[in-house]
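The structure under discussion appears below in the form of structure tokens.
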Amino acid sequence: MCVMSIRFPDESSLDRLRDHAHRRDSSMSSLAARLIEEGLRMEEHPAICFRDGPAGRRAVLVGGPEVADVVSALVGGDVPVEERRARVAEMMCLRESLVDAALAYYAEHTAEMDAEIAAQEEVTEKYQALWERQQTLLAR
């Protein structure tokens with residue numbers, strides 16, 4: 001672990017960081033580290049931002065779906081590789097450049113994205129089972 005001192009131009013940023021960390025039941029240090037890491041990734045991948053979701057904090061396309069959703073649709077399957085970008089773009093109502101942005105992010109953060117995809121599949125299965133149980137109860 002590395003330690004670094006940060007100077008803010010005024011106390012309002014520090015106050016907002018403190019309040020935000022308190023609301024998230026997090027330390028200021030861990031929140032600041034996460035925000036810096038996410039900020040650096042957004043600088044490197046301008047079409048990517050981060051948002052909370054049912055399976056935790058996720059990389060998403062700006063104004064669009066989660067990167068994991070795009071990658072899941074893009075990787076594998078029986079669609080010929082040369083047709084996948086266009087097919088995913090059409091299916092998800094995205095520009096191909098955003099599909100490319102998701103793929104570029106995936107290429108740089110493959111292990112992390114694969115773990116997110118697996119976690120997302122678990123959440124989907126959980127909600128599917130819950131929905132099926134609700135339908136059974138409604139049919140009584």
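In what follows, residues are counted from 1 in the order of the sequence shown. Just so it is clear, the structure is predicted and the values come from calculations on it, not from any experiment.
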Do the non-hydrogen side-chain atoms of Leu35 and Leu17 ever get within less than 4.5 Å of each other? yes
Looking at Ser72 and Ala68, would you say the former's side chain and the latter's main chain have a donor-acceptor pair under 3.5 Å? yes
Between Glu96 and Ala89, the two heavy atoms sitting closest are CG-CB, 3.8 Å
Quick check for you: to the nearest 0.5 Å, what is the distance between Trp131 atom CH2 and Thr124 atom OG1? 14.5 Å
What distance do Glu108 atom CD and Leu103 atom CG have between them, rounded to the nearest 0.5 Å? 12.0 Å
Hey, are the side chains of Leu130 and Lys126 touching, using non-hydrogen atoms and a 4.5 Å cut-off? no
Is any side-chain heavy atom of Leu61 closer than 4.5 Å to a side-chain heavy atom of Cys49? no
Flag yes if more than 12 heavy atoms outside Arg24 fall under 6.0 Å of its CZ atom; otherwise flag no. yes
Leu31-Phe8 co-clustered via ILVMFWY side chain contacts under 4.5 Å: yes
Quick one: are His109 and His45 in side-chain contact, heavy atoms under 4.5 Å? yes
For Arg58 and Glu116, indicate whether the former's side chain and the latter's backbone hold a donor-acceptor pair under 3.5 Å. yes
Please assess Glu66 against Met113 for the test side-chain contact (heavy atoms from CB on, under 4.5 Å), listing each intermediate value before the final yes or no. CA-CA 10 Å; Glu66 292 184 10; Met113 293 305 306; over 6 Å; no
Do Val67 and Val71 have side chains that approach each other closer than 4.5 Å (heavy atoms only, starting at C-beta)? yes
Given Arg41 and Phe50, is the side-chain contact (heavy atoms from CB on, under 4.5 Å) satisfied, shown in steps? CA-CA 10 Å; Arg41 289 182 184 199; Phe50 293 85; 3.9 Å; yes
Apply side-chain contact (heavy atoms from CB on, under 4.5 Å) to the pair Tyr106 and Asp114, showing each step before the final yes or no. CA-CA 9 Å; Tyr106 179 56; Asp114 286 344; 2.7 Å; yes
May I have the step-by-step check of side-chain contact (heavy atoms from CB on, under 4.5 Å) for Met4 and Ile6, ending in yes or no? CA-CA 6 Å; Met4 182 180 107; Ile6 298 176; 3.5 Å; yes
Heavy atoms, side chains only, cut-off 4.5 Å: are Met28 and His22 in contact? no
Gap between atom CG of Leu14 and atom CZ of Arg7 - 0.5 Å precision: 12.5 Å
Heavy-atom side-chain contact between Arg34 and Arg57 under 4.5 Å: yes
So that I can tick it off, tell me whether Asp15 and Arg18 are bridged by a salt bridge, with the cut-off set at under 4.0 angstrom between side-chain N and carboxylate O. yes
Joint hydrophobic cluster, Ile48 plus Val60, side-chain heavy atoms closer than 4.5 Å: no
Tell me whether Thr136 contacts the main-chain N or O of Glu132 through its side chain, where contact means a donor paired with an acceptor under 3.5 Å. yes
Roughly how far, to the nearest 0.5 Å, is the CZ atom of Arg85 from the CG atom of Leu74? 9.0 Å
